[in-house]
Amino acid sequence: MTAVRYYGPGDVRVDEIPESTPGEAQVKIKVLCGSDLHSWHAILPVSPTSTKSHPVTKETLPVTMGHEFSGTIVDVGAGVDASRLKVGDHVVVEPLLSCMQPTCPFCSAGARNLCRNATFIGIAGCGGGMSEFVCVDQTLVHVLPPGVPLDVGALMEPLAVAWHAVKRSNLKAGDSVLILGAGPIGLLTLRAAQVFGAGWIGVSEPASKRRELALQHGATVVFDPASPTVDIVADTVQVTGGRGADVLFDCAGLQQTLDVAFLAVKPRGYIVNVAVWEDRPTLDITSLTYKEVVLTSILAYDRVHAELLQAVAEGKFVGLESLITRRTTFEDVVDKGIKALIHEKDDHVKILVSPERTLEN
């Protein structure tokens, strides 16, 4: 079968690999995947290298890419719970992998995202969403609610990140929220914050397309941080009666966004880092001290898929398909997927990847 495989930074290839067959308690899924930028510039800490295997997957590079994916079950292995999963079901995969050793305090407590060896399908091995088929353990597979199309299903993994971030933020109904960065995670954090009852929501984003989408998806106001006439901190403080935002989400992971966060958050407010950082930032600990701010961070998600999918089933996330700005193929994934998201941020948010050319636009 055809698969998009990651060999290292800037080295992504379309290969022919053996078609997978489901093992014990696994299902085989025909896949639709979201585009993935995480490893393009550098090998992630949760990834193996070409010479060092990952302790959970036991695989080295190259690995099949794609950790944000949905699909249709086409086969089931022995031991699969037939009352929950069957051929023809539309499903989404929770790609988080962990050691699951009895000696691991985090896996034993269920908090697999905190396992010291935690990683992901499509980043460290075990197949990936950028292949024609993938076989996944049944415990990581969730049935999509009726009527939810597979393309929206491919957004469930990043939506789970946003949902987990909001749950960790101490957000209360009516709270003011400032979101820095309106890429896919930032826009989905906007939607999740609304579900949790946020009041005023400001979004800062330099790309015009993404600011427009933020307004379409319920932002109270958007800011262009590149504009010399925009003062995000002053405007946020003013609209919140001189206090500052109750909760602030950094979805950009830049020194300037972290600096804005310290200034725009209210005393005893919450700052949640959602971004994956490429550089080590400078932390203004004095600002935190004088405001008694709580600064926390999140890693992926922690047992949220069931409740998230229930919220989706209840109609709390309608319209997510507008975040999908292109569909492309395996052959074009680098130029029309990865590079487009890097260089054409005014045009794209989320790009879906499929082996089928009928999905291309």
Side-chain angles (χ1 to χ4, degrees), residues 2-15 29-44 46-47 62-71 92-96 120-124 127-134 149-162 181-189 191 205 207 209-210 213 251-253 274-276 278 300-301 320-361:
T2 306
V4 178
R5 300 215 293 169
Y6 177 77
Y7 284 77
D11 188 358
V12 172
R13 310 178 198 176
V14 179
D15 292 338
I29 303 169
K30 183 179 180 182
V31 186
L32 177 64
C33 189
S35 48
D36 193 347
L37 291 179
H38 289 303
S39 301
W40 179 252
H41 294 296
I43 295 177
L44 297 175
V46 297
S47 173
V63 295
T64 299
M65 294 181 68
H67 70 286
E68 303 175 6
F69 58 98
S70 61
V92 61
V93 171
E94 179 181 351
L96 179 67
F120 301 86
I121 296 170
I123 292 178
M130 291 191 195
S131 57
E132 294 181 72
F133 303 96
V134 64
L150 288 176
D151 54 359
V152 173
L155 299 176
M156 293 301 103
E157 196 276 346
L159 184 57
V161 174
I185 296 294
L187 289 167
L188 293 171
T189 300
R191 293 297 302 268
E205 167 58 48
K209 172 72 173 181
R210 297 178 177 191
L213 281 168
C251 301
V274 192
V276 176
E278 294 183 3
Y301 27 75
L320 292 183
E321 57 272 7
S322 67
L323 302 183
I324 301 167
T325 50
R326 172 181 282 172
R327 294 163 175 82
T328 192
T329 64
F330 288 172
E331 290 78 9
D332 293 326
V333 67
V334 172
D335 290 334
K336 293 187 177 181
I338 296 170
K339 290 183 178 180
L341 288 171
I342 295 171
H343 301 299
E344 302 171 26
K345 292 184 178 180
D346 269 339
D347 297 319
H348 295 297
V349 175
K350 178 56 67 177
I351 296 174
L352 297 188
V353 185
S354 167
E356 300 175 7
R357 287 200 170 273
T358 53
L359 289 178
E360 189 170 8
N361 65 2

OG of Ser131 to CG of Asp15, rounded to nearest 0.5 Å, is 11.5 Å
Just so I know, are the side chains of Pro184 and Leu323 near enough to count as touching, which here means a heavy-atom distance under 4.5 Å? no
Parallel, tilted or perpendicular for Tyr301 and Phe120, by the 30°/60° rule? perpendicular
Of all the heavy-atom pairs spanning Leu150 and Ser70, show the shortest one and how long it is. O-OG, 2.6 Å
Which atoms form the tightest heavy-atom contact between Met130 and Phe330, and what is the distance? C-CZ, 3.5 Å
Does any part of the side chain of Leu188, heavy atoms only, come nearer than 4.5 Å to the side chain of Pro158, both counted from C-beta? yes
Rounded distance [0.5 Å steps], CZ in Phe133 versus OG1 in Thr2: 10.0 Å
Within this structure, what is the CD1-OG distance for the pair Ile123 and Ser47, rounded to the nearest 0.5 Å? 7.5 Å
Side chain proximity check, Leu159 to Leu320, heavy atoms < 4.5 angstrom: yes
Report the C-alpha separation of Ile338 and Leu37 in whole Å, then their side-chain angles, then the decisive distance to 0.1 Å, and conclude whether the side-chain contact (heavy atoms from CB on, under 4.5 Å) test is met. CA-CA 6 Å; Ile338 296 170; Leu37 291 179; 3.6 Å; yes
For the backbone of Lys336 and the side chain of Arg326, can you confirm whether one donor and one acceptor N or O come within less than 3.5 Å of each other? yes
Less than 4.5 Å apart, any side-chain heavy atom of Val93 and any of Val31? no
Minimum-distance pair of heavy atoms, taken over all atoms of Gly153 and Val92: O-CG2, 3.5 Å
Measuring from atom CD of Glu132 to atom OG1 of Thr64, what distance do you get when rounded to the nearest 0.5 angstrom? 11.0 Å
Taking all non-hydrogen atoms of both residues, which atom of Met65 and which atom of Tyr6 are closest, and how far apart? CG-CB, 3.5 Å
Taking the side chain as everything from C-beta on, heavy atoms only, tell me whether Glu321 gets closer than 4.5 Å to Pro149. no
Side-chain donor-acceptor contacts of residues 340-352 below 3.5 Å, not counting sequence neighbours, with atom names and distances?
| from | atom 1 | to | atom 2 | distance (Å) |
| --- | --- | --- | --- | --- |
| Asp346 | OD1 | Ser208 | N | 2.7 |
| Asp346 | OD1 | Ser208 | OG | 3.3 |
| His348 | ND1 | Thr325 | OG1 | 3.1 |
| Lys350 | NZ | Ser35 | O | 3.3 |
| Lys350 | NZ | Glu68 | OE1 | 2.7 |

Main chain of Leu32, side chain of Ser354: is a donor-acceptor contact present, judged purely on distance under 3.5 Å? no
Shortest non-hydrogen contact from Ile185 toward Ala162: O-CB, 4.3 Å
Closest heavy-atom pair and its distance - Gly183, Glu205: N-OE1, 4.0 Å
Could you check if a side-chain atom of Ile324 sits within less than 4.5 angstrom of a side-chain atom of Leu155, using non-hydrogen atoms only? yes
